[in-house]
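The sequence lines fix the lettering, A, B, ..., with proteins before strands; numbering per chain opens at 1.
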Amino acid sequence: MYGYVRPVKGELKIREYELFRGVYCGLCHELARRYGPVSRFLVNYDFTFLAMLLAGAEEGKCCSRRCVAHPIRPVRCLGPCDSLSTAADMTVILGWWKLADSADDSRGIQAAGWKAACAMLKRAYKKAAAQRPGFAGAVRENLQALRSLERENCSSVDETADKFALILRSIAQGEADAARRRTLEQLLYHLGRIIYILDAVDDLAEDERTGAYNPLRFRFAPEQGKLSPEDERTLRTGLQMSHNALAGAFALLGENPYSGILSNTVYLGLPAAAQAVFSGVWRAPARLHKDRSSL
Amino acid sequence: MNDPYSVLGVSPQATDEEVKRAYRDLARKYHPDNYHDNPLADLASEKMKEINEAYDAITKSREQGGSGAGGYSYGYGAGAYQAQGGAQRQSAARNPQYIQIRNLINANNLVQAEAMLNAIGNHDAEWYYLMGSVYWRKGWMDQAGQYFRTAATMDPSNIEYRNAIQYMNQGGQAYRPSGGMDMMGGDMACNMCQNLICADCCCEMMGGNLIPCIGCR
């Protein structure tokens, strides 16, 4: 999806790194198993994080498997489990909407490409939406609300980010335990805010060039795709507050087999992603920038 | 009650020092300051109560009177700490409606609080402050800051408004393990020292002490 939500590799234990790879591969396999091989392209770090966050107290069974990406040497891969299927369903739903959004936003041959991708995943989307009607409804509603805010050139970062944050928050709605649900809701809401705002910062220069909507263009007065140091500080203070709210919720969640990876992602990964986005190296090719490739 | 040792995450064979360290780490994690004006504050204070009880149970069963029994626990109960910042504070509110709105905010009933605020025509400093508090709890940090600043401009002498802005400017507060990073582009070392020194001052007022526990690491 966006890829901001990932651990800092160098700070993971080797055991944790292998487990993380296993969950990522597991999500990819689960996507293929439930929705066919095309849906594999939707696999991403954000939903890998989600699968680990929603996992129960017991570690899932791992197996060794070959796949298109690893045809010769089999890799360790997490077997099917509840949190993986939830993450797979939601990956397809949000992924499909994102493709549809891109199709709406672009023109010419590019738009045709996005539309073709949408069409290929239409059946998968329908199946996933039938599995998770609550989440699919929340995505549709909030993306529509976001669209209309964009059309009226909304100048509130909070209001636009709120819509995306509500999408992520709705992931927690199936949680039976009330305290855990509240905690996850708070965590996911602020995670959504952080992702949305980082994405806006990342896209700012390009949106300014193409004239596309970006809340930061209306909230602040960026020049040549850069925020003034003062505006950047205001924005980062807001992010810091969301990050603290997220960290506060995270501390209240119980331990699970992925706690080490999750806490790396929360305490190191997110700040590192923010740093990379604000310093402009996030978009650059990884091999050119050590900062970026160490993530 | 759960097994006090598993609550603190130590084995029953742990030394007193290890028990104390585990207790302090957890107390730092669920400290009310980290959940200041936070919709999850009640869950954090439940945790805090649980670890306080576990620590008390262990120290009692080990019959180690005197040294640190009770830790820096009860001073952090509901009353004293919530006296800081945000809508939790008692105010000399002139308007009885504002008292009702404050209660709604404290009870996390933000929809009704916002509706009541919107029904008020005259927007004084207190109005902006309370609106800021509603936004803060909702997680709309940018808007919250704008309302708090308006409140403070309209009534510069109000300490409550100034504290809210100060708290916002530092980006709030939460537990981070050592080495954790923040979103401002720095590591937490400096902030952590500040927080610890701050927490130590508070603890000393309550008869406890935090700083020595860093010294021994």
Closest heavy-atom pair and its distance - B:Y35, A:A251: OH-CB, 3.6 Å
Largest heavy-atom contact set with chain B, pairs under 4.5 Å, which of A:V266, A:V157, A:T234, A:T183: A:T183
Toward chain B, the part of A:I194 with a non-hydrogen atom under 4.5 Å: side chain
Inter-residue atom distance B:N169.CG - A:R233.CZ, 0.5 Å rounding: 6.5 Å
Heavy atoms of other groups near B:K49 NZ, more than 12 under 6.0 Å: no
Beyond-backbone contact of A:F250 with B:Y175, side-chain heavy atoms, under 4.5 angstrom: no
Among A:A274, A:A245, A:G238, A:G248, residue most engaged with chain B (heavy-atom pairs, under 4.5 Å): A:G248
Short N-O contact, B:D42 and A:R182, less than 4.0 angstrom: yes
Within-4.5 Å side-chain heavy-atom neighbours: A:Q275 and B:M184: no
Inter-residue atom distance B:R176.CZ - A:S263.OG, 0.5 Å rounding: 11.5 Å
Gap separating the CZ atom of A:R193 from the CE atom of B:M141, nearest 0.5 angstrom: 6.0 Å
Residue selection (most heavy-atom pairs with chain B, distance under 4.5 Å) from A:D162, A:L246, A:L235: A:D162
Reported OG-to-OH distance for the pair A:S156 and B:Y135, which is rounded to 0.5 angstrom: 7.5 Å
B:D142 side-chain N/O to A:D158 backbone N/O, donor-acceptor pair under 3.5 Å: no
Pairs of heavy atoms under 4.5 Å with chain B: top-ranked of A:R219, A:H190, A:E159: A:R219
